[in-house]
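Inspection log for the structure reproduced underneath, given as structure tokens.
We count ligands from 1, going down the list as the structure has it; atoms in each ligand are counted the same way.
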Amino acid sequence: MIRNQLDYFMYLTYTENDAIATIVFSRPKALNALCTAMLTELKALLEEIQHSETIKVVILTGEGKAFIAGADIAEMKGKTESEAMDFSKLGHSVMNLIENMPQPVIGALNGFTLGGGLEVALSCSFLLASDTARFSAPEVNLGLIPGFGGSQRLVRAIGLNNARYYLYTASMFNAEEAFRMGLIQGIFPGEELMDKAREIAKLIASKGPTAIKSLAPVINSGLSDGFEKGCETEQQMFASLFNSEAQEGMDAFLEKRKPRW
Ligand code: DAK
């Protein structure tokens, strides 16, 4: 247990069960709008989790009818250019942290996933959504563009023209459209979403732990440094697994038993 469950967070709820950490955005009266304090709490918590040997999967979800309805407009209003730059830098650092966590991060999107909330979702390893989830990049409605990496990650997630369409029009789309574009990997009735997320988290937690931890650096190496570098990183990580759990995984297969990681 990295945190006592009674530890006080203002905007997050944290629980840890069966090697699965669940972080709930808990500011429902403002539809979990992302303010500096929430981003700072999330950053501190993820920085602890990434060093944990016991936590194998992280789930992010929201309390109430939103996952996150965007950056906090009331807080952003009136920022100077340099304050906006600081806010953007903080947001980018948190999104990069989510994307590079050694543990897979599952986004369980329970409702509105807008603007900065969509950017959090886009940083997760993959996404499950309730059938009531609604998505948009509404920044241009406010005279803004995404400030936490959304312009880059949305293109990668749903393709160039889909991303341009939704960035230019700020149109809202539903879970079925998100699924059709490959943004989310499953749609579930709202009351089943968290059970499904936990079931998938447990499945991942049963796999080779070092192999699971190797996937984010391998995938992200190619995304940030190009195909060849990604393949080079894959070769190194693949080979290094032969010094750790891969022998046990292959022995278990050949002996027709479950691996003992
Ligand atoms: N910020 C602050 N408060 C918000 C909020 C938000 N993003 N979204 C909702 N709320 C608050 C509402 O003001 C309301 O507060 P009270 O009036 O009760 O005090 C409460 O949450 C409930 O909202 P509604 O009454 O509006 O609820 P409805 O069900 O009627 O409508 C809605 C739900 C999601 C359709 C609506 O709330 C809505 O349109 N919300 C705003 C969505 C939005 O535009 N989000 C912002 C996206 S832009 C950057 C950094 C970051 C960003 C950009 C640049 N740089 C540093 C450069 C990111 C920008 C964004 O995320």
Among all residues two or more places apart in sequence or in another chain, which pass the salt bridge (charged side-chain N to carboxylate O under 4.0 Å, His left out) test with Glu228?
-> none
For Lys89, what residues pass the salt bridge (charged side-chain N to carboxylate O under 4.0 Å, His left out) criterion, not counting sequence neighbours?
->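 Expected list: none.
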Using distance alone, with no hydrogens and no angle criterion, decide if Thr13 and Glu63 have a side-chain donor and acceptor under 3.5 Å apart.
->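 Note: Thr13 and Glu63 side chains miss the donor-acceptor criterion.
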Indicate yes or no: does Glu199 engage Lys202 in a salt bridge with an N to O separation below 4.0 Å.
->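 Salt bridge: no.
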Phe67 and Phe135: CA distance, side-chain angles, deciding distance, ring-ring contact (aromatic ring centres under 6.0 Å, His included) verdict = CA-CA 10 Å; Phe67 175 67; Phe135 304 82; 9.2 Å; no
List in chain and number order the residues that pass side-chain hydrogen bond (donor to acceptor under 3.5 Å, both in side chains) with Asp72, two or more places apart in sequence or in another chain; answer none if no residue qualifies.
->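 Arg27.
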Write out the protein residues near ligand 1, meaning a non-hydrogen atom under 4.0 Å from one of its atoms, in order of chain and number.
-> Lys29, Ala30, Leu31, Ala33, Lys65, Ala69, Gly70, Ala71, Asp72, Ile73, Met76, Ala84, Phe87, Ser88, Phe112, Leu114, Gly115, Gly116, Pro138, Glu139, Leu142, Ile145, Gly147, Phe148
